[in-house]
Enquirer: 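Submitted below is the structure of interest, expressed as structure tokens.
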Amino acid sequence: PVTDCGCFGDALKLTNWQTFFKNLVLLAAVVFVFLFQSKMRLAYSRSKSILAFLVIVLAGASIPHYSYHHLPLFDFRPYAVGNHLPTLMEIPEGAPVDEFQTIFYYSKNGETKEFDESNYPWQDSTWVFEEMESRLIKKGYTPPIHDFRIEHPEKGDLVAEILQSPSPQFLLFVPLIEDLSGTDKEKIARLSENIAESGENLILVSASGINDINTLLSEHHIMATPANGDLTLIKTIIRSKAGLVIVQNGTVLSKFNRNDYPTKTYLQNPLAAELVVKSTLKSQLICLYLCFIFGGALLLILGYNPKHK
């Protein structure tokens, strides 16, 4: 069953009933506007309305445009920068577990009936056992991260090794190899060379077949360890056709879209470099906040008309 409407993504999860009441509130607002539309007037003149419309459109389009070509401004997923992944994989002591019911199928005189553990006819030889299944009757606690697996063709799952390493781990996530352009492959080759020069190793994780990954590595001279990951998992970790994730001591240190791979200087000491980046980001957020204030003030000024009584 669907338990979340998905209206707001990972930012805000609503149950089905919460979604229903939210829709009732929105419906009431729409009905109010419809009933009293004849009594409403425009707050702006035609020229001011066009300008206000352009301001709103540009503000609304700039965020998804930036998120598409770089990374989302806000990451609400468990693999966000700063999160300690091992902690998010733990199940707290005393947390509820999944509860299952065992169902037995027995047949008699050509008729198959369903029984549970309290009434199945195990002592009645006239019933013939057919099959058994387990049904989930109560969902237990599920940690935020419960499906994190990175499979090496020979070593198996690399997750424990990655999360326990005190040195930076460079993970390049590529959902599908066939979606990469020639420019993307050249950037990955340069990135792998820079990481190798810093003395570290790059792990390329993709949902494509291991043969496709090895072909990419050999044809473009990419120095990386090939590994497989689930497609949904990769898209959850990073929203890009190819993106770099740096993990150190189990903590996500930083993320990079395919258009923003870090420089050699950053790769030599990613922890120190990330502190500088966060300081710069703080200034950028302050600037963005001021822009929003300016835009809101502009809309208020456009809406002011001393002739209106």
Enquirer: Using a 4.5 Å cut-off on heavy atoms from C-beta on, say whether the side chain of Pro143 contacts that of Tyr141.
Expert: yes
Enquirer: Between Phe256 and Tyr261, is the gap from one ring center to the other below 6.0 Å?
Expert: no
Enquirer: Would you say Leu171 and Ile162 make side-chain contact, with heavy atoms under 4.5 Å?
Expert: yes
Enquirer: Answer yes or no: is there a side-chain heavy-atom contact under 4.5 Å between Ile203 and Phe170?
Expert: no
Enquirer: Give, for atom CD1 of Ile222 and atom CG of Leu172, the distance between the pair rounded to the nearest 0.5 Å.
Expert: 8.0 Å
Enquirer: When the ring centroid of Phe115 is compared with that of Trp127, is the distance short of 6.0 Å?
Expert: yes
Enquirer: Which is it for Asn257 and His70 under the side-chain hydrogen bond (donor to acceptor under 3.5 Å, both in side chains) test, yes or no, and what are the steps along the way?
Expert: CA-CA 5 Å; Asn257 183 281; His70 303 279; 5.8 Å; no
Enquirer: Give the minimum heavy-atom separation between Ile195 and Ser198, together with the two atoms involved.
Expert: O-OG, 2.6 Å
Enquirer: Taking Asn214 for the side chain and Ile210 for the main chain, is one N or O donor matched with an acceptor at less than 3.5 Å?
Expert: yes
Enquirer: Quick one: are Lys113 and Lys108 in side-chain contact, heavy atoms under 4.5 Å?
Expert: no
Enquirer: Could you give the distance from OG (Ser67) to CZ (Arg239), rounded to the nearest 0.5 Å?
Expert: 10.5 Å
Enquirer: Tell me every residue that passes side chain to side chain donor-acceptor pair (under 3.5 Å) with Asn201, counting only those two or more places apart in sequence or in another chain.
Expert: Thr225
Enquirer: I would like to know whether Leu202 and Leu244 meet side-chain contact (heavy atoms from CB on, under 4.5 Å); could you show each step before the answer?
Expert: CA-CA 9 Å; Leu202 175 67; Leu244 179 69; 4.0 Å; yes
Enquirer: Quick one: CZ on Phe21 to CG on Leu27, what's the gap to the nearest 0.5 Å?
Expert: 13.5 Å
Enquirer: Would you confirm whether Gln37, through its side chain, and Phe34, through its main-chain N or O, come within 3.5 Å as a donor-acceptor pair?
Expert: yes
Enquirer: What are the two closest heavy atoms between Gly156 and Glu151, and how far apart are they?
Expert: C-OE1, 3.4 Å
Enquirer: Does one hydrophobic cluster hold both Leu216 and Leu176, with members joined at side-chain heavy-atom distances below 4.5 Å?
Expert: no
Enquirer: Using only heavy-atom distances, determine whether the side chains of Thr19 and Asn16 contain a donor-acceptor pair under 3.5 Å.
Expert: no
Enquirer: Apply side-chain contact (heavy atoms from CB on, under 4.5 Å) to Leu71 and Tyr66, showing your working.
Expert: CA-CA 7 Å; Leu71 287 177; Tyr66 176 88; over 6 Å; no
Enquirer: Using atom types as modelled, flag every donor-acceptor pair under 3.5 Å from a side chain in residues 89-105 to any protein atom, sequence neighbours excluded.
Expert:
residue : atom : partner : partner atom : Å
Asp98   : OD1  : Gly140  : N            : 2.6
Tyr105  : OH   : Glu133  : OE2          : 2.5
Tyr105  : OH   : Arg135  : NH2          : 3.2

Enquirer: Would His220 and Ser192 count as a side-chain contact (heavy atoms from CB on, under 4.5 Å) if you check the C-alpha gap in whole Å, the side-chain angles of each, and the deciding distance to 0.1 Å?
Expert: CA-CA 11 Å; His220 295 272; Ser192 69; over 6 Å; no
Enquirer: Please tell me whether Val33 and Val30 are part of a single hydrophobic cluster in this structure, the criterion being side-chain heavy atoms less than 4.5 Å apart.
Expert: no
Enquirer: Looking at side-chain heavy atoms only, is the closest gap between Pro226 and Leu204 below 4.5 Å?
Expert: no
Enquirer: Could you go step by step and tell me if Ser107 and Phe129 meet the side-chain contact (heavy atoms from CB on, under 4.5 Å) rule?
Expert: CA-CA 7 Å; Ser107 61; Phe129 173 77; over 6 Å; no
Enquirer: If only atom types and distance count, is the side chain of Asp124 paired as donor or acceptor with the main-chain N or O of Pro121 below 3.5 Å?
Expert: no
Enquirer: Return the CH2 to NZ distance between Trp17 and Lys22, rounded to the nearest 0.5 Å.
Expert: 14.5 Å
Enquirer: Would you say Asn228's side chain and Ser208's backbone share a donor-acceptor pair under 3.5 angstrom?
Expert: yes
Enquirer: Step by step, work out the side-chain hydrogen bond (donor to acceptor under 3.5 Å, both in side chains) result for Ser181 and Thr183.
Expert: CA-CA 5 Å; Ser181 65; Thr183 302; 4.5 Å; no
Enquirer: Can you give me the closest heavy-atom contact between Ala242 and Leu180, atom names plus distance?
Expert: CB-CD2, 3.9 Å
Enquirer: Tell me the closest heavy-atom pair linking Lys187 and Arg258, and the distance in Å.
Expert: CD-O, 3.5 Å
Enquirer: Taking C-beta and beyond as the side chain, do Ile234 and Thr232 meet within less than 4.5 Å on heavy atoms?
Expert: no
Enquirer: Throw together a table of side-chain donor-acceptor distances under 3.5 angstrom for residues 72-85, partners on residues two or more places apart or in other chains.
Expert:
residue : atom : partner : partner atom : Å
Asp75   : OD1  : Arg77   : N            : 3.1
Asp75   : OD1  : Arg77   : NE           : 2.9
Asp75   : OD1  : Arg77   : NH2          : 3.2
Asp75   : OD2  : Lys255  : NZ           : 2.9
Arg77   : NH1  : Thr236  : O            : 3.0
Asn83   : ND2  : Pro78   : O            : 2.8
His84   : ND1  : Thr87   : OG1          : 2.7
His84   : NE2  : Asn249  : O            : 3.4

Enquirer: Any chance the side chains of Thr215 and Glu219 put a donor and an acceptor closer than 3.5 Å?
Expert: no
Enquirer: Looking only at heavy atoms, which two atoms of Leu253 and Gln248 are closest? And how far apart?
Expert: CD2-OE1, 3.8 Å
Enquirer: Please tell me if the side chains of Thr15 and Gln18 come closer than 4.5 Å, counting only heavy atoms from C-beta onward.
Expert: yes
Enquirer: Quick one: NZ on Lys264 to CG on Leu191, what's the gap to the nearest 0.5 Å?
Expert: 12.0 Å
Enquirer: Of the non-hydrogen atoms in Ala227 and Ile213, which two are nearest, and what is the gap between them?
Expert: O-CD1, 3.4 Å
Enquirer: May I ask you to say whether Asp157 pairs ionically with Arg149, meaning some side-chain N is under 4.0 Å from a carboxylate O?
Expert: yes
Enquirer: Given the rule that I, L, V, M, F, W and Y join up when any side-chain heavy atoms are under 4.5 Å apart, are Ile150 and Met223 in one cluster?
Expert: no
Enquirer: So, Thr265 and Thr263: side-chain donor and acceptor under 3.5 Å apart, yes or no?
Expert: no
Enquirer: Could you tell me the separation between the NZ atom of Lys241 and the CD1 atom of Ile177, rounded to the nearest 0.5 Å?
Expert: 13.0 Å
Enquirer: May I ask whether Met40 and Leu35 are part of the same hydrophobic cluster, defined by side-chain heavy atoms of I, L, V, M, F, W, Y residues being less than 4.5 angstrom apart, directly or through others?
Expert: yes
